[in-house]
Amino acid sequence: MAAERRAEREEFEESDNVFRTNSLIIIEEMLKLSNHTPEDSTMLVDEILHSIFFLGGINKPSYSPEDIMSDREMLNGLRELYPNPFLHYSSQLPERSPFSCVLDMIVRLIGQENENQIIERLQDIIRRMSRGRGQNLISFTICVSQKTEGPASERYYGVSMSTSGRLLGKIMVAASCLSAWDRHVADAVMTYYPGKKTKKSYFDGTIQLPESVRCQAFSLSTGDEMPPCRSCGNLFGLGTDEEEKWPCGNCAEVESLSNLLKKENEVKRQVQPTSQTWTDENRQTAIDNVRKHLKCYLRTEGFDWDQNFYTPQRIQILYYF
């Protein structure tokens, strides 16, 4: 028994160190990059602080902002510039996981057309992060979607969920379904949520992407192309020989296609679900089901949700770190 408790304590300590290390790497990188983007990126810094603080707060063991940042000058400076993440991380939900904010920052800095440079920059950040147990704020896959493949077609990016643990993944997928993702993408995910194998009997929001649409995932570890998993094939009609089913909503294809459908209205019209069960009434039932599961998961983690999703704020920068 003593050996088991010691092993458990060591696992927690390793997880704690990895989480804090990766949190600091991401925060410092975002602060640095925000000084060099061609547009105001303070909202992304504000958003990622809240997302990291939220995930730290519901982890076991939990990590407060003070636990994450031992540098009190940095902690106090961030609290002064970005007060809302400190005020709301224990009551409001983020709309997406932290590495999605990192991706947005890199795309703004480099430009959406520079696909290889974006991937390389993300790989550089990941190489500096600790792996430890689980993902610990790391996304291992990126996806690029285009209306039609070619240099003139705008690229839309997404990364896999950067959460550690199955329950945290379900929480973030639910939050993104209810607040962040394009409606058609959210409907496809809600068709299976919280599982990955069985469709809801009363609601089918899955879609079929046109063959002309590019949706290609890459490993951020190796840079190699990755075929869609069976879950993404089921959700979006992506051709694949893969049998592995990852939990619906965790893959990079989801965020990437959501970003594409938010901007490409012609494609969105083409992919409207065709099932007779895709009705406003059934959709509301599916939303209520997702929200019910989300509340249950949050209660399990001891999180007192005020029913709001966090809204990042643009900050007037007075000085830089």
Side-chain angles (χ1 to χ4, degrees), residues 19-56 63 65-66 68-89 92-130 136-139 142 154-159 161-163 172 176 179-180 220 252 255-256 259 262-263 309-321:
F19 187 91
R20 288 193 298 168
T21 297
N22 288 351
S23 294
L24 285 173
I25 289 172
I26 289 176
I27 291 170
E28 290 172 355
E29 186 72 15
M30 290 289 283
L31 290 169
K32 180 177 67 176
L33 293 174
S34 68
N35 295 337
H36 298 96
T37 53
E39 56 185 295
D40 183 4
S41 299
T42 56
M43 288 180 67
L44 287 175
V45 177
D46 190 78
E47 181 181 6
I48 203 169
L49 287 173
H50 176 267
S51 185
I52 288 175
F53 294 165
F54 164 78
L55 290 175
Y63 326 111
E66 291 77 12
I68 292 170
M69 286 175 282
S70 57
D71 184 334
R72 288 303 183 255
E73 182 178 355
M74 178 182 185
L75 175 69
N76 294 333
L78 286 175
R79 196 193 302 273
E80 180 180 349
L81 286 175
Y82 299 94
N84 286 337
F86 292 86
L87 295 173
H88 300 299
Y89 78 89
Q92 297 183 3
L93 293 185
E95 295 186 346
R96 52 187 185 161
S97 59
F99 217 75
S100 296
C101 302
V102 178
L103 171 65
D104 276 6
M105 185 75 82
I106 297 298
V107 172
R108 288 188 185 187
L109 179 67
I110 296 178
Q112 58 81 22
E113 68 279 6
N114 298 307
E115 179 178 319
N116 292 335
Q117 294 179 41
I118 290 170
I119 293 174
E120 290 170 0
R121 190 64 176 267
L122 292 175
Q123 288 177 317
D124 177 66
I125 295 172
I126 288 174
R127 277 193 291 268
R128 290 186 274 126
M129 298 175 72
S130 299
N136 285 293
L137 308 180
I138 299 176
S139 291
I142 185 172
E154 185 166 353
R155 290 164 168 81
Y156 301 92
Y157 298 87
V159 287
M161 280 289 176
S162 55
T163 53
M172 290 310 306
S176 294
S179 64
L220 284 172
E255 184 174 58
S256 177
N259 289 333
K262 286 179 180 180
K263 295 290 184 68
F309 293 95
Y310 183 72
T311 302
Q313 303 294 313
R314 181 171 285 108
I315 306 300
Q316 179 65 46
I317 293 294
L318 302 178
Y319 59 89
Y320 298 106
F321 291 96

Would you mind reporting whether [Y] and [X] have side-chain heavy atoms less than 4.5 Å apart?
X: Met30; Y: Glu47; answer: no
X: Phe99; Y: Met129; answer: yes
X: Leu78; Y: Met69; answer: yes
X: Ile27; Y: Leu31; answer: yes
X: Leu44; Y: Leu33; answer: no
X: Leu49; Y: Tyr89; answer: no

For the student: nearest non-hydrogen atoms of [X] and [Y], plus distance:
X: Ile68; Y: Ser23; result: CG2-CB, 3.7 Å
X: Tyr157; Y: Ile142; result: CD2-CD1, 4.0 Å
X: Gln123; Y: Leu220; result: CG-O, 3.2 Å
X: Arg128; Y: Glu29; result: NH2-OE1, 3.1 Å
X: Ile110; Y: Arg121; result: CD1-CB, 3.9 Å
X: Pro65; Y: Phe86; result: CB-CE2, 3.6 Å

Working to the nearest 0.5 angstrom, can you tell me the gap between [X] [atom1] and [Y] [atom2]?
X: Phe19; Y: Leu55; atom1: CZ; atom2: CG; answer: 5.5 Å
X: Cys101; Y: Ile26; atom1: SG; atom2: CD1; answer: 9.5 Å
X: His50; Y: Glu95; atom1: NE2; atom2: CD; answer: 10.0 Å
X: Arg79; Y: Leu87; atom1: CZ; atom2: CG; answer: 8.5 Å
X: Leu93; Y: Met172; atom1: CG; atom2: CE; answer: 7.5 Å
X: Leu122; Y: Arg127; atom1: CG; atom2: CZ; answer: 10.5 Å

Does Ile52 form a side-chain contact (heavy atoms from CB on, under 4.5 Å) with Ile48? I'd like the steps, not just the answer. CA-CA 6 Å; Ile52 288 175; Ile48 203 169; 4.1 Å; yes

[Y] backbone acceptor or donor facing [X] side chain under 3.5 Å:
X: Ser51; Y: Arg96; value: yes
X: Asn259; Y: Tyr156; value: no
X: Asn22; Y: Asn136; value: yes
X: Ser139; Y: Val159; value: no
X: Asn76; Y: Arg72; value: yes

side-chain contact (heavy atoms from CB on, under 4.5 Å) assessment of Ile118 paired with Arg155: CA-CA 11 Å; Ile118 290 170; Arg155 290 164 168 81; over 6 Å; no

Output, in order, the C-alpha distance, side-chain angles, deciding distance and verdict of side-chain contact (heavy atoms from CB on, under 4.5 Å) for Asp71 and Glu28. CA-CA 12 Å; Asp71 184 334; Glu28 290 172 355; over 6 Å; no

Distance alone, cut at 3.5 Å: any donor-acceptor contact between the side chains of Thr163 and Ser97?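 No - no donor-acceptor pair under 3.5 Å links their side chains.
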
Looking at Asp104 and Arg108, is there a salt bridge between them, counting it only when a charged N and a carboxylate O are closer than 4.0 Å?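 No, this pair does not count.
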
Could you tell me how the ring of Tyr310 sits relative to the ring of His88: parallel (under 30°), tilted (30 to 60°) or perpendicular (over 60°)? tilted

Walk me through it: do Gln92 and Phe54 pass the test side-chain contact (heavy atoms from CB on, under 4.5 Å)? CA-CA 8 Å; Gln92 297 183 3; Phe54 164 78; over 6 Å; no

